[in-house]
Amino acid sequence: MKTQKVDQVTGNPVVDLVLNTVEKKKQAFIFVNTKASAEKCAEDISEELDKTPACELIAEKILNVLGSPTKQCKRLANCVRKGSAFHHSGLHSKQREIIEDEFRLGNIRFISATPTLAAGLSMPAFRVIIRDVQRYGRRGMEFIPVLEFLQMAGRAGRPEFDDFGEAIVIAKSEGEKENLSEKYLLGEPEDIYSKLAVEPVLRTYVLSLISAAEVNNFEKLMNFFKETFWAFQFKDMNQLSVTIKKMVKLLVDWGFIQELDNKFRATYSGKRIAELYIDPYTANEFVKGLKRSSETVTLLGLLHLICNTLEMRPLLNVTTKDFEKLQEKSLLHEKEFLSPEPSEFESEYEDWLKSLKTALMMHEWCEEADEDFLMKEYNVRPGETRAKINLADWLLYALSELARIEQKQNLLAQINKARTRLKYGVKEELLPLLKFKGIGRARARKLFNNKIRDVKDVKSIDFSTLKKILGEKSAEGVKMQVGEKIVGNQRQLSDTF
DNA sequence: GGACGGTGAAACTTCAGGTTGCCTC
DNA sequence: GAAGTTTCACCGTCC
């Protein structure tokens, strides 16, 4: 085997490898096991590189992705100035895009990343450096699967530029070197296991099969599952039959399917749930929550209901510091919750608190907290906030559909309001202004603070004042939408034309 | 003498990621 | 379990 020697310059093997890659005029990915590590690693690398004019421009772009740059944005921009970057799920999607594009163009030369990058689109580099092969899991630090290792190593070598690529895994000792090569270089990838047996997946499938009228009795249901990879793997048809029977019983109990003369039929709500593609368990929790609700619900109550679902996981972590504060909040808002608080000694309590923390985070967003604040207070990065908000929007939509079916008309308007507030991250008072195209959270707030609070106010204010508040383009757009045309700073009613 | 800043060790905290629905001028 | 971050004591420097 051919060996290469890499100069030890900095005492940090990753940085030394990076410097060696620079000498070769190549690019590299570095895979690490946490988001914080990805950021730190990119920072360490950037300290050894020089600024370039091209990167300076990219850094500016990255800073301006969000309204006001967060700590994370600044940190990323500082790295990018030197041609290194970090990449993980906490980044804003636009920033991720910029980094990927600029890496392809060769402006960004090093990316330190969590496995986001390994799973993502085809983006190879000459060199892949795998720094961490262990990751925190249920049983403390666990070795990552061989499959995942290969996935990362497989990013090395760009067919259009290089004849070969190098995947390097870092061992801290001779002993570790042997273990690693045995496990990952010579070892067999793990078998792939069917995920169908997981109850949430199973419930969803059973319901959708019945709903689509693919199967209408137990025998046909069994025949379907017998053909699956899951059945092929486990072979135990008796166990399979027991599990599926259990699922069917749940769906009947929840009122999502009916059994008549040994034939299954999805109910109206069952069909809709199958279409919405939410876990029937979640749907049942929603229905229970809706029944528990009175005439009015609060935003926090709704948010908490949707956060307390499997779909919303992983939830925000509750740290030791949070614990007391969350307990206080749970007491304060006790009457608002649509999913009851378990006792402190029950196993679900921890998850319940996590869902409360997640709901509180989104509530702050709806109260116009900015992303930097959310990062500080909730340890949630912009990318994660966005992902959670999208999920929440989908679940709120599903909830509104169930409210309609359950004839809870009074709640529909409140759920829809919650959706809009969440989508834009605004207080209720801004809602009338969001009807305008080109007006989001920031501009609506500006308008409101200048006493322009609805369509009527927009109509009556003169253009030059509006221009001062919004800038010319936006002001023009808004005025057009109330049927006025602006000609040389003069307004004319368009219906005079 | 006190404010300030840099340094390093100890204490503390936290730990990857992904898909789904629907609408609209 | 380990890396990253925060905290805090300690020391030197400057005014």
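Just so we're on the same page: letters track the sequence lines, and every chain starts at 1.
Residues from residues 386-400 of chain A with heavy atoms under 4.0 angstrom of DNA chain B, sorted by number: A:Leu391, A:Asp393, A:Trp394, A:Tyr397.
Note on ring orientation: taking the six-membered ring where Trp is involved, the planes of A:Phe149 and A:Tyr184 are parallel (angle under 30°, cut-offs 30° and 60°).
Side-chain contact between A:Thr114 and A:Asn33: absent, with no pair of heavy atoms (C-beta onward) separated by less than 4.5 Å.
At least one cation-pi condition fails for A:Arg155 and A:Phe29: the charged atom is not both under 6.0 angstrom from the six-membered ring centre and inside a 45 degree cone around its axis.
For the C1' atoms, the distance linking B:dG21 with C:dG1 amounts to 41 Å, nearest Å. To the nearest whole angstrom, the two C1' atoms, one in B:dG17 and one in C:dT5, are 24 Å apart.
Within the 4.0 Å cut-off from OP1 or OP2 of C:dG4, at least one side-chain nitrogen or oxygen of A:Arg131 is found. For the pair A:Thr116 and B:dA16, the criterion of a side-chain N or O lying under 4.0 Å from OP1 or OP2 is not met. Phosphate proximity of C:dT5 to A:Arg75: present, with a side-chain N or O under 4.0 Å from OP1 or OP2. Contact check, A:Arg138 against B:dC15: no side-chain N or O comes under 4.0 Å of OP1 or OP2. Phosphate contact (OP1/OP2 of B:dC15, side-chain N/O of A:Asn379, threshold under 4.0 Å): present.
The list of ring pair (Phe, Tyr, Trp, His ring centres under 6.0 Å) pairs with a residue in residues 301-324 of chain A, not counting sequence neighbours, reads A:His304-A:Phe337, A:His304-A:Trp352.
Nucleotide C:dT6 holds its P atom 12 Å from the NZ atom of A:Lys40, rounded to whole Å. Across the protein-nucleic acid pair, A:Glu43 atom CD and C:dT5 atom C1' stand 12 Å apart, rounded to whole Å. If you measure from atom CG of A:Asp132 to atom C1' of B:dA16, you get 12 Å, rounded to the nearest angstrom.
When heavy atoms are screened at a 4.0 angstrom cut-off, A:Arg419 is found touching base atoms of the nucleic acid.
At a cut-off of 3.5 Å, with distance as the only test, a side-chain donor of A:Tyr378 or A:Glu364 sits close to an acceptor on the other residue.
Checked by atom type and distance alone, the side chain of A:Gln95 never pairs as donor or acceptor with a backbone atom of A:Leu91 at under 3.5 Å.
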